[in-house]
Amino acid sequence: MNQEPLNFHEMNLSSETLRAIEDMGFEEATPIQSQCIAQIQAGQDVIGQSQTGTGKTAAFGIPLLERIDQNLPKVQALILCPTRELAIQISEEFNKLLRYRKGVRVIPIYGGQPIERQISALKKGVQVVVGTPGRVMDHMQRRTLKLSETSIAVLDEADEMLDMGFREDIEFILDKLRDDRQTLLFSATMPTAILELTKMYQNNPKHITVIRNTLTVPSIEQVYFEVRESLKLEALCRLIDVESPTLSLVFCNTKKRVDEITEQLQGRGYFAESLHGDLKQVQRDLVMRKFRNRTLEILVATDVAARGIDVDDIDIVFNYDLPQDEEYYIHRIGRTGRAGRAGQSFTFVAGREIYKLREIMRHTKATIKRGKMPTLIDIEEIKTRQFTEKIKSIMEDGHLSKYVNIVESLGDYSTMDIAAALFKFHLHDEDANTEDVLFEEPRNYHDFDRHEEKSKQKSNKKAKTDKNMARLFITIGKRDKVQPRDIVGAIANESGISGKIIGNIDIYDDFTFVDVPKNTIKKILSTMSSAKIKGRKVKIEWAKPKR
């Protein structure tokens, strides 16, 4: 049974740990922490069953670190987990908890990182190792990881490790550990294979289960949109523009799809990156660091790659593809609405997928409401409201005398006309020629589905012939491995214009053409006179049409 959450000061923790917990912003323990910490501190074997996002890392991490002898430079605790991302995330959280304790070293070991670097770190003496089963077993066989002093073993996300085929590796590792160790096992589900492991490797374990009334997180607003497959990208961009999330996570079912969506988002000027199994570890680490630091606003990921993501303030989770497994839906949306915060989950459904969505609703006991896609008029109203509020704030702050003089210099025009012109310049120059391929007006989704191809062809033709657009010629092309996102990023970063107003980009072997609004030509040419793309200085000029 669940109990009332405890205050960390009630748990007989060291002053150093309490200070670190306070720095991390924890006010009270979560239910799994309230029930686990005292049991683990007492040396009890524990089976912890709870959903993702319940604070289980700290539930075993806090008491585990309290029991480490900082004067003994040998591995005293071993944590096994299914993915590299999770190993890194656990190590980072442990190091936060150790902020005020000196002498305790924690290292993650996993495949994809040079093993020599890990060997060097292990030789220096560490007390806590967090690793994936395959790499831990590799070190044991090389005799570079010695576990004779290991008194605590943790299996985190045990069900995932078994699903990924790690059972033999886990048994090999546990069989080599001392018999009097403490063994902790955490899992979202308890299939037969997990129960067999507990019987083999745990001693009279305390089974702690955190039960929620539903399988999903109550604070999450769950909405689905019926969108034709070829219109999903447009729908995604529109929802991002309307909701303006600081951090959002987009789930796709395949690595290829992740890369495609990421490149298309980057081509439209969004700060998006991919996360999937084909990325090198250095790339994964860089992407996650950007996401946590908020220099990246959109992370596009597969289910497996997202396993190690533990960021508490993700505003929206997008199910770009409906998940193959109903359980994955729970894991996906559990990435938002954490720590008592409100969260949103938007799911795109194409054609017959609506039947699969109904199965998910039945399975999760969730109410997923049908949403109405915002129109361009809605977006315009939101932008106008936001800009108006910004203007009001600037006026309230004062210090406008310099700009009053500029307005007065336009004596032939009324202040009302000047203000209206500035509003028009800011709000409408980007969208004046944008055709709403999703809606001509709010209507039933099936109405625009029938005309999708026709609208798309018309939109593409218009983009090429629009008299308000002009072509730029850039001396870089396919031979330089340039991609649309490189072009958009360079122009947007150097000139300060929005990447969303950039039109067609045609990349040839040695050069590229790009369409931009005519009223941005001078600004782009002046600011990009010494610009570099892909590290190479390029020449950019107006590709005026032949007469």
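Along the sequence shown, residues are numbered consecutively beginning with 1. Predicted model only: the values in this text are computed from it and were never measured.
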Checklist entry - Would Arg268 and Glu263 satisfy salt bridge (Lys or Arg N to Asp or Glu O under 4.0 Å), going step by step from the backbone distance to the final call? => result CA-CA 9 Å; Arg268 290 177 176 229; Glu263 184 170 337; over 6 Å; no
Do other residues, nucleotides or ligands put more than 12 heavy atoms under 6.0 Å from the [atom1] atom of [X]?
X	atom1	answer
Phe271	CZ	no
Gln141	CD	yes
Arg178	CZ	yes

Looking at [Y] and [X], is any side-chain nitrogen of the basic one under 4.0 Å from a carboxylate oxygen of the acidic one?
X	Y	value
Glu297	Lys290	no
Glu229	Arg257	yes
Glu226	Arg370	yes
Lys206	Asp45	no
Arg167	Glu171	yes
Lys481	Asp486	no
Glu273	Arg485	no

Checklist entry - Out of Tyr320, Phe318, Phe251, which residue meets the ring pair (Phe, Tyr, Trp, His ring centres under 6.0 Å) rule with Phe346? => result Phe318
Has [X] got a side-chain atom pairing as donor or acceptor with [Y]'s backbone, closer than 3.5 angstrom?
X	Y	answer
Gln202	Val46	yes
Gln182	Gln44	yes
Ser248	Val317	no
Arg335	Ile314	no
Gln76	Asp69	yes
Asp321	Asn253	yes
Ser14	Thr17	yes
Asp480	Lys534	no
Lys199	Ile194	no
Asp159	Ser187	no

Flag side-chain contact, heavy atom, 4.5 Å: [X] against [Y]:
X	Y	value
Thr83	Met164	yes
Ile240	Pro245	yes
Ile79	Val129	no
Ile107	Leu122	yes
Cys237	Leu265	yes
Gln127	Lys74	no
Val349	Val227	no
Arg105	Val128	no

For a quick check under 3.5 Å, do [X] and [Y] share a side-chain donor-acceptor pair by atom type?
X	Y	value
Arg67	Gln41	no
Tyr329	Gln222	yes
His139	Thr144	yes
Gln113	Gln281	no

Next on the checklist: Apply side-chain contact (heavy atoms from CB on, under 4.5 Å) to residues Ile62 and Gln33 and explain how you reach the verdict.
Outcome noted: CA-CA 9 Å; Ile62 290 171; Gln33 292 164 2; 5.5 Å; no
How many angstroms lie between [atom1] in [X] and [atom2] in [Y], if you round to the nearest 0.5 Å?
X	Y	atom1	atom2	result
Leu64	Ile37	CG	CD1	11.5 Å
Thr192	Leu162	OG1	CG	11.0 Å
Asp156	Leu184	CG	CG	10.5 Å
Ile119	Arg143	CD1	CZ	14.0 Å
Lys56	Ile208	NZ	CD1	14.0 Å
Met161	Leu197	CE	CG	8.5 Å

Taking all atoms of both residues into account, what is the closest heavy-atom pair of [X] and [Y], and its distance?
X	Y	result
Leu279	Leu275	CD1-CA, 3.8 Å
Glu93	Ala58	OE2-CB, 3.7 Å
Asp169	Pro133	CB-CB, 3.8 Å
Ala59	Ile40	O-CD1, 3.6 Å
Ala29	Met11	CB-CE, 3.5 Å
Leu97	Ala20	O-CB, 3.4 Å

Item to check | Aromatic Tyr110 / basic Arg135 pairing, under 6.0 angstrom, 45° off normal | outcome: no
Item to check | Aromatic Tyr224 / basic Lys369 pairing, under 6.0 angstrom, 45° off normal | outcome: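 The answer is no; the distance or angle limit is not met.
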Checklist entry - Residues in salt bridge (Lys or Arg N to Asp or Glu O under 4.0 Å) with Arg142, at least two apart? => result Asp138
Item to check | Test side-chain contact (heavy atoms from CB on, under 4.5 Å) applied to Leu72 and Glu149, step by step | outcome: CA-CA 9 Å; Leu72 178 63; Glu149 298 294 330; 4.3 Å; yes
Item to check | Stepwise side-chain contact (heavy atoms from CB on, under 4.5 Å) test for Cys81 and Ile90 | outcome: CA-CA 9 Å; Cys81 54; Ile90 292 172; 4.3 Å; yes
Checklist entry - Given the rule in the side-chain contact (heavy atoms from CB on, under 4.5 Å) test, do Val223 and Thr347 qualify, once you have shown the distances and angles that lead to the verdict? => result CA-CA 6 Å; Val223 180; Thr347 300; over 6 Å; no
Checklist entry - Any idea how Phe60 and Phe186 line up, ring-wise: parallel (<30°), tilted (30 to 60°), or perpendicular (>60°)? => result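 Ring orientation of Phe60 relative to Phe186: tilted.
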